Undergrad: 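Can you read through this structure? Questions will come right after.
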Amino acid sequence: MSRECCGGDDTQPSPVASPRTLQGGESQVVDPGALAAPVPTSRWWRDRSILVPLGAGLLLALGYALEWSGAGAAAAVVLAASLLVGASTFVPGAVRRLARGRLGVGLLMTVAAVGAVLLGHVGEAAALAFLFSIAEALEDRAMDRAKAGLRSLLSLVPETATVSRLSGDEVVPVAEVRELDLLVVRAGERLATDGVVAQGRSSMDASAVTGESIPVEVAPGDAVAAGSINGSGTLLVEATASGTENSLTTIVRLVEQAHQRKGDRARVADRIARPLVPAVLVAAALVALGGAFTDDPGLWVERALVVLVAASPCALAIAVPVTVISAIGSASRFGVVITSGQAFERLGAVSVVAFDKTGTLTQNRPTVVEVATADGIDRDAVLEAAAALEARSTHPLASAVLAAHPAPPVVDDAHELAGQGLTGTVHGAAVRVGSPRWVDPGLLEERCARMEADGMTVVVVEVGGRPAGLLGIRDELRPEAAAAVAGLHAQGIETVMLTGDNPRTAAALARTVGIADVRAQQLPTDKAAAVDALGARGVTAMVGDGINDAPALATAGVGIAMGATGSAAAVESADVTFTGSDLRLIPQALAHARRGHVIMTQNIVLALLVVVVLVPLALTGTVALAGVVLVHELAEVLIIANGVRASRGRPALPGLPAADVPVPATALTR
């Protein structure tokens, strides 16, 4: 049985450089300090991107108050100031995008505001600028938070590594580690880069790479990954990658690239605005030019400006944000934190959900689930002997044994052999506890093989030179996992399981929870690639909790992190975080988002309908500016009222049992 010391967790920011892919496609090694340093996420009252729109809103309210009180001149000045402050957040960007040949809602908002000002409606222009600027600021702030996940990933790499030289051991910065260097990794230390064990036996906690909760035994010739924690034995590891190009820096790069791709995706409003902007501009220009050949060109110029205001996306600007804010606020009250409007839009369109196994579908808490004994040996005697030795160990399996027998007797001459097991004397008898590879199970060999086939980690207990019994340890399934999967299937959503575990164990777990599509032995890069491929079926959500899940969470259309038990890297790489651990929140959150998605679509249709109806009426002069403004305001009230409906609590889904209803678990390991 492999052993691992729980100490030595180095969580300092790493100085190792990480490759960053630029827009042109070339790769560049960047300063790791820049990646590991905290991403600015100041409080909103210190964030200029939030304060500027809020300032525009306060000026707008003051301007309207002055206007209602009869102070017309002062109101005009204040409203103009509100317009300038609000417009400063999006007009420069719209101009820059236009210079690159790109159109969007920002340009249409700019043109509409200018048209309103030319017609003397400064207050309408200021309101337009405020609504749009605050919506943009909130989304931009949410996207900035996602970048913070890189810090947690890089913190897994130590700052220095011990390299064995002919002149003796030398401590060097990780960035100076080269392939084929011999690294000395002592008990409790993290491995600086990927390598192969050249000398020594121990156990490695490789959860950062594989996600498996129980450390694995390693010996000469075994591959080990960067960021893994060494157990109780000293290892000599030959580096197979440099300190700047290993599995962890690859994870960082994948997360960063995925966030960049998401940042470049146009929002729903932008996609709608692309054809709308040029159509409106062309229509207004044609009206103005056509009027030049009439007896009253001024009338047609004014009518062209009315067309611009009629096509103003005021209602469109709030159609999505009001729904998103209502739905996100409601979701947060039942434990679902959605980081951005984009994430909400995608969450409502999810058609495939991919699950990590360890810590997501399972409890990530090894437990003794079966005890097998030799003839004439009492079950409690086997547990007592094992617990006596395990009480001297820091290995994660020790806690499982001690939980099964919390009051062990005193042991004499206890010794822990790195990567093998424990020896000692209990009640005067020599006892050994370890893996079947070290302690021969003897006549219990067939039972041992069956327990391993059922997905258990087997511990052999030998008393007085004879195998006395076997302990089967595994990570149990969450009791609500099967109900959560059933809830997804009831909504017509496909499910997939991605795990670093072996195919036999993965398949057994998947059968229990009702998942047909299983991908086993998946490294972080494999999970990210699988999620990317699943995107061809539709919007894919990835549910995970470990650092090794970060690339897949970032690559997925929607990354969902189990925040109560998840790593910081997983939480910060995700688009949606659950503050609890009940998996039944997943189908409920998706149903909530789907309802919000329907409401959002209704609002967009209504906003576009207003434009479609008003523009022809404005072209023909049927509706004057006052009528156009009135219709816009009424449409906004309807859209806000409809959007608020998205704030209803989580939907009640049929077929979801209470959280304490047990679900049988079979063939589960780590």
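Because the structure is a prediction, the values reported are computed rather than measured.
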Undergrad: Given the rule in the side chain to side chain contact (heavy atoms under 4.5 Å, CB included) test, do L488 and L590 qualify, once you have shown the distances and angles that lead to the verdict?
TA: CA-CA 8 Å; L488 292 172; L590 290 176; 3.3 Å; yes
Undergrad: Between L509 and M497, is any pair of side-chain heavy atoms under 4.5 Å apart?
TA: yes
Undergrad: Check whether any side-chain heavy atom of P479 sits under 4.5 Å from a side-chain heavy atom of Q363, and report yes or no.
TA: yes
Undergrad: Look at the side chain of E390 and the backbone N and O of V401, then say whether any donor-acceptor pair between them is shorter than 3.5 Å.
TA: no
Undergrad: Mind checking whether I515 and V485 have side chains closer than 4.5 Å, heavy atoms only?
TA: yes
Undergrad: State whether the side chain of E370 and the backbone N or O of G472 hold a donor-acceptor pair below 3.5 Å, judged by distance alone.
TA: no
Undergrad: List the atom of A646, the atom of H592, and the distance in Å for their closest heavy-atom pair.
TA: O-CE1, 3.4 Å
Undergrad: Which heavy atom of P436 sits nearest to which heavy atom of P441, and what is that distance?
TA: O-CD, 4.1 Å
Undergrad: Let me confirm one number: the CD-NE2 distance from E345 to H597, rounded to the nearest 0.5 Å.
TA: 6.5 Å
Undergrad: Donor-acceptor pair, distance only, cut-off 3.5 Å: does the side chain of S228 make one with the backbone of V224?
TA: no
Undergrad: Salt-bridge test for R190 and D205: reply yes if a basic N is under 4.0 Å from a carboxylate O, no otherwise.
TA: no
Undergrad: Apply side chain to side chain contact (heavy atoms under 4.5 Å, CB included) to V353 and V543, showing your working.
TA: CA-CA 7 Å; V353 175; V543 186; 3.8 Å; yes
Undergrad: Atom CG of L470 and atom CD of E445: how far apart are they, to the nearest 0.5 Å?
TA: 10.5 Å
Undergrad: Partners of N642 by side chain to side chain donor-acceptor pair (under 3.5 Å), sequence neighbours excluded?
TA: Q602, N603, R645
Undergrad: Which heavy-atom pair separates A607 from I639 by the least distance, and what is that distance?
TA: CB-CD1, 4.0 Å
Undergrad: Indicate yes or no for a side-chain donor-acceptor contact from D194 to the backbone of A241 under 3.5 Å, with no hydrogens or angles considered.
TA: no
Undergrad: Once side chain to side chain donor-acceptor pair (under 3.5 Å) is applied, do any residues pair with H489, and if so which ones, sequence neighbours excluded?
TA: T495
Undergrad: Looking at every non-hydrogen atom in both residues, tell me the closest pair between T373 and L444 and how far apart they are.
TA: O-CD2, 3.9 Å
Undergrad: If we check side chain to side chain contact (heavy atoms under 4.5 Å, CB included) with L471, which of these qualifies: V458, V460, L397, V382?
TA: V382
Undergrad: Mark yes or no for whether R478, through its side chain, and L361, through its backbone, hold a donor-acceptor pair below 3.5 Å.
TA: no
Undergrad: Before you tell me yes or no, could you show the steps for K527 and D532 under salt bridge (Lys or Arg N to Asp or Glu O under 4.0 Å), namely the whole-Å CA-CA distance, both residues' side-chain angles and the distance that decides it to 0.1 Å?
TA: CA-CA 9 Å; K527 289 184 179 181; D532 193 40; over 6 Å; no
Undergrad: Do V369 and I473 have side chains that get closer than 4.5 Å, going by heavy atoms?
TA: no
Undergrad: Does some side-chain heavy atom of L383 sit less than 4.5 Å from a side-chain heavy atom of V371?
TA: yes
Undergrad: By side chain to side chain donor-acceptor pair (under 3.5 Å), which residues pair with R437, not counting sequence neighbours?
TA: E452
Undergrad: Under a 4.0 Å threshold between the charged nitrogen and the carboxylate oxygen, would R519 count as salt-bridged to D526?
TA: no
Undergrad: Just how far is it from atom CE of M542 to atom CZ of F355, taken to the nearest 0.5 Å?
TA: 9.5 Å
Undergrad: Determine yes or no for a side-chain-to-main-chain donor-acceptor pair under 3.5 angstrom, with R594 supplying the side chain and V350 the backbone.
TA: yes
Undergrad: Say you draw a straight line from CZ of R537 to OG of S351; how long is it, rounded to the nearest 0.5 Å?
TA: 9.0 Å
Undergrad: With side chains defined as the heavy atoms from C-beta onward, is the minimum distance between T360 and L583 less than 4.5 Å?
TA: yes
Undergrad: Spell out, as yes or no, whether a donor-acceptor pair under 3.5 Å connects the side chain of T540 to the backbone of L534.
TA: yes
Undergrad: Measuring from atom CD of Q522 to atom CG of D356, what distance do you get when rounded to the nearest 0.5 angstrom?
TA: 10.5 Å
Undergrad: Rounded to the nearest 0.5 Å, how far does OG1 of T362 lie from CZ of R474?
TA: 11.5 Å
Undergrad: For A516, is there any backbone N or O sitting under 3.5 Å from a side-chain donor or acceptor partner on R511?
TA: no
Undergrad: Within the structure provided, determine whether T512 and L477 are in side-chain contact (heavy-atom separation under 4.5 Å).
TA: yes
